[in-house]
Every structure is written in C-alpha cells, then in structure tokens.
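One structure is given below, encoded as structure tokens.
First listed ligand is number 1; within each ligand, the first listed atom is number 1.
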Amino acid sequence: MDLFWKKSQWKGNQEATECDRQLAALSEKLQQAYLNIGRIYAANNPAQQAQGTPYEEDIAEIEKVTQDMEYWEKRKLALQGLRKCEKCGNILTADSVFCNQCGEKMPPLFESVADGQPVCSKCGAPYDEDAVFCIHCGSKLH
Ligand SMILES: [Zn+2]
Ligand SMILES: [Zn+2]
C-alpha cells in the first residue's frame, strides 16, 4: 500500500512536471507569435504612421532603442579602431575617408552632440565642455 502510494505520487509528480514542460513550451510559442505580430506591425508602421494609435509609444521606443544600439555598436567598433560603412555595411579602419568597397565618402564617425552633450567625434565618448582632450581615446577635442 505504502509502496503503491509512493509510486502513484512519483507518477503524479512526473505528470505534473510534464504538464509544466508543455505549458512552458506553449507559453514560449505564444510569446513568439505575439512578437512576430509586433515585428511585422513595427516594420510596416514607422513612428509617423503609428501616431495616434495605441502603439505610438512602443514604436517610438523601438526607434529610439534602435538608434541607441547603433550608437553603442559604433562605439564598440571605434574602440577597435574600426567603423562600418552605412551604405554597404563594410567594416573599415576608423580613419578611412572613403569606403574601399563602395566608394562612399565617410561622414564624421560621431555627431558632435548626442543627447544634448558634446561627444568626441573619434570615439563617441561624451566629454565636459572645458575638456581639451578626450579621456577615452586621447584625441584633441576642439
Ligand atoms: Zn561601403
Ligand atoms: Zn575620444
């Protein structure tokens, strides 16, 4: 009797684990499906078109985060002395004037101001107004 109870409890536990596993897998699929809908919607509805819809804030957030990611990817490359051609995606040395793949003229790597703060045009690090050299890459700032 005791043994039977233990066995059935063990089986019950095993089934409960299986239920949890199924639920977790299905929940994951559901999240993926929602994500796909969101991605398709976002791709077809840039911020301007999303204005006035319930998605307005989220689309604006996606665009801001995408820009921030581009900035940090640029900074990461700049740390290695590299940059990416915006036109063809080729990776070049940071001091390149033209892309050696598509011939595009390279604009300054970083805007001189980001989020209202002046940034080093070589490495993108923010600096204080009165700084003369960038404390990250040593470039002269003015
Ligand atoms: Zn290029
Ligand atoms: Zn710098």
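The minimum heavy-atom distance linking C85 with M106 is given by the pair SG-CE, 3.8 Å. Between F110 and A78 the shortest heavy-atom distance is CE1-CB, 4.2 Å.
Distance check for C123 against the Zn ion (ligand 2): an N/O/S atom falls below 2.8 Å.
The pair R21-E18 meets the salt-bridge criterion, with a side-chain N (NZ, NE, NH1 or NH2) lying under 4.0 Å from an Asp/Glu carboxylate O.
For the pair SG of C99 and SG of C88, the angle at the Zn ion (ligand 1) is about 110°; rounding is to 10 degrees. An angle of 100° is found at the Zn ion (ligand 2) between C137 atom SG and C120 atom SG, rounded to 10°.
Residue E63 places its CD atom among more than 12 non-hydrogen atoms of other residues, nucleotides or ligands, all under 6.0 Å distant.
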